[in-house]
Amino acid sequence: MKRITTLNHIEACYLAACEPSFDKKLQTAVTEKNSQIVIVPYIWFTGFLMRHIHKKVTKFKGTDKEIVVCQHLGEHPAMQEALKDRVIEAIS
């Protein structure tokens, strides 16, 4: 992300099973000096995880932070190609 954007501060977090958790990182980001928070869900499917992200972000509406939630990666042509390649690799 740092190579392809002009963003100064980028951090990774996880929605499940790993640390740092999304909930903790979002809380930290909101309390820091960041004026804008951009969330890039590195997931293929919508559903529970995207609902969880939006539910947590909604709690911070009305604050002085701009929180942007990008679309998930699911239908991006590069992701579809990567999935196809992995399937072919697995059955070959």
Side-chain angles (χ1 to χ4, degrees):
M1 282 298 254
K2 286 184 180 182
R3 288 188 309 223
I4 62 172
T5 68
T6 59
L7 300 173
N8 295 324
H9 188 81
I10 297 173
E11 294 196 34
C13 61
Y14 304 92
L15 290 165
C18 294
E19 291 290 330
S21 73
F22 170 74
D23 294 357
K24 289 178 186 174
K25 281 292 184 179
L26 179 59
Q27 181 65 47
T28 300
V30 168
T31 59
E32 290 179 346
K33 295 180 183 178
N34 308 309
S35 60
Q36 184 181 54
I37 301 165
V38 178
I39 300 168
V40 182
Y42 197 75
I43 55 178
W44 281 19
F45 307 101
T46 60
F48 173 77
L49 296 175
M50 286 301 292
R51 284 192 302 273
H52 177 77
I53 290 170
H54 286 289
K55 181 179 176 183
K56 294 296 179 176
V57 166
T58 298
K59 290 182 179 183
F60 296 104
K61 286 194 179 206
T63 66
D64 62 341
K65 307 295 180 183
E66 178 186 3
I67 304 175
V68 177
V69 179
C70 300
Q71 286 190 303
H72 70 291
L73 300 174
E75 301 206 17
H76 191 281
M79 295 305 292
Q80 293 174 355
E81 190 67 25
L83 176 60
K84 182 184 89 176
D85 291 347
R86 295 299 80 74
V87 170
I88 291 169
E89 182 180 294
I91 63 174
S92 295

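Remember, predicted model here, so these are calculated numbers, not experimental data. If you read the sequence from its start, that first residue is 1, and numbering goes on from there.
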- [ ] Look at the side-chain heavy atoms of Ile, Leu, Val, Met, Phe, Trp and Tyr, link any pair under 4.5 Å apart, and say whether Val40 and Phe48 land in one connected group.
- [x] no
- [ ] May I ask you to test the Pro20-Tyr14 pair for a side-chain heavy-atom distance under 4.5 Å?
- [x] yes
Open item on the list: Could you measure the distance from the NZ atom of Lys24 to the OG1 atom of Thr28? Nearest 0.5 Å is fine.
Closed with: 9.5 Å
Task: ILVMFWY cluster, Tyr42 and Leu83 together (side-chain gap under 4.5 Å) - done: yes
Open item on the list: Is there a path of hydrophobic side-chain contacts, each under 4.5 Å between heavy atoms of I/L/V/M/F/W/Y residues, joining Val38 to Val57?
Closed with: no
Open item on the list: With a sphere of 6.0 Å drawn around CD of Gln71, does it hold more than 12 non-hydrogen atoms of other residues, nucleotides or ligands?
Closed with: no
Task: ILVMFWY cluster, Ile43 and Ile37 together (side-chain gap under 4.5 Å) - done: yes
Less than 3.5 Å apart, which donor and acceptor atoms pair up between the side chains of residues 59-70 and the rest of the protein, not counting sequence neighbours?
unit_1 : atom_1 : unit_2 : atom_2 : d
Thr63  : OG1    : Phe60  : O      : 2.8
Thr63  : OG1    : Lys65  : N      : 3.3
Lys65  : NZ     : Glu32  : O      : 2.7
Lys65  : NZ     : Asn34  : O      : 2.7
Glu66  : OE1    : Gln36  : NE2    : 3.2
Glu66  : OE2    : Gln36  : NE2    : 3.4

Open item on the list: So, taking the atom named NZ in Lys25 and the one named CD in Glu11, what distance separates them when rounded to the nearest 0.5 Å?
Closed with: 3.5 Å
Task: Within-4.5 Å side-chain heavy-atom neighbours: Pro41 and Ile53 - done: yes
Open item on the list: side chain to side chain contact (heavy atoms under 4.5 Å, CB included), that's the test. Do Lys55 and Thr58 meet it? Break it down for me.
Closed with: CA-CA 5 Å; Lys55 181 179 176 183; Thr58 298; 5.7 Å; no
